[in-house]
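Heads up: the structure comes next, in structure tokens.
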Amino acid sequence: MSDEKPICSAKGCRAAAVWVLAWNNPKLHAPERRKTWLACEEHREHLSQFLGVRGFLKDVVTLAEWESPEADGTGAGTDG
């Protein structure tokens with residue numbers, strides 16, 4: 001079992017991830033498919049804007065909410 005904490009997906013960032021940005025590229029992925037990027041507090045807005053201007057961003061939730069067993073089943077981990 002690994003004790004490594006998830007880290008932010010922003011280039012060069014090694015901060016702990018707090019947010020999950022769920023997205024898909026409609027030209028490549030089925031509508032229900034969700035890929036994920038992780039974000040720290042500092043990079044959440046930047047990464048959200050990057051995905052948003054391309055029309056890729058579908059949802060932003062806390063990492064705890066994404067990993068919650070009570071979630072709707074989409075929080076099975078990252079697929080970044």
Side-chain angles (χ1 to χ4, degrees):
M1 175 183 256
S2 175
D3 288 334
E4 290 185 36
K5 301 264 190 246
I7 61 166
C8 182
S9 298
K11 186 175 182 178
C13 185
R14 305 301 297 164
V18 179
W19 298 95
V20 175
L21 287 65
W23 63 278
N24 86 1
N25 180 340
K27 292 182 181 177
L28 302 175
H29 306 123
E32 66 280 357
R33 171 95 187 265
R34 292 295 179 265
K35 297 193 56 86
T36 57
W37 281 357
L38 302 177
C40 64
E41 286 291 346
E42 181 180 351
H43 291 113
R44 180 182 65 95
E45 186 63 30
H46 171 75
L47 293 174
S48 293
Q49 287 179 358
F50 180 89
L51 293 168
V53 298
R54 290 159 177 80
F56 295 175
L57 187 63
K58 302 302 178 192
D59 201 9
V60 178
V61 298
T62 65
L63 181 60
E65 183 180 351
W66 186 263
E67 293 178 333
S68 171
E70 291 82 37
D72 65 359
T74 60
T78 61
D79 184 26

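- Heavy-atom minimum distance, Arg44 versus Ala39: CA-CB, 3.7 Å.
- A distance of 7.5 Å separates CD1 in Ile7 from SG in Cys13, rounded to the nearest 0.5 Å.
- For the pair Val18 and Leu63, the minimum side-chain heavy-atom distance is 4.5 Å or more.
- Residues Ser48 and Val60 come closest through the heavy atom pair OG-CG2, 3.8 Å.
- Legend: residues meeting side-chain contact (heavy atoms from CB on, under 4.5 Å) with His29, ordered by chain and number and at least two apart, are Trp23, Asn24, Asn25, Arg33, Lys35.
- Of all heavy-atom pairs between Thr36 and Ala22, the closest is CG2-CA, 4.4 Å.
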Counting only pairs under 3.5 Å, give me each side-chain donor-acceptor contact of residues 49-59, with atom names and distances, residues two or more places apart or in other chains.
residue: Gln49; atom: NE2; partner: Glu45; partner atom: OE2; Å: 3.1
residue: Arg54; atom: NH1; partner: Phe50; partner atom: O; Å: 2.7

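- Listed by chain and number, the residues in a side-chain contact (heavy atoms from CB on, under 4.5 Å) with Ala16 amount to none (sequence neighbours excluded).
- Nearest approach of Leu38 to Leu47, heavy atoms of both residues: O-CD1, 3.8 Å.
- The stretch residues 8-22 participates, sequence neighbours left out, in these side chain to side chain donor-acceptor pair (under 3.5 Å) pairs: Trp19-Glu41.
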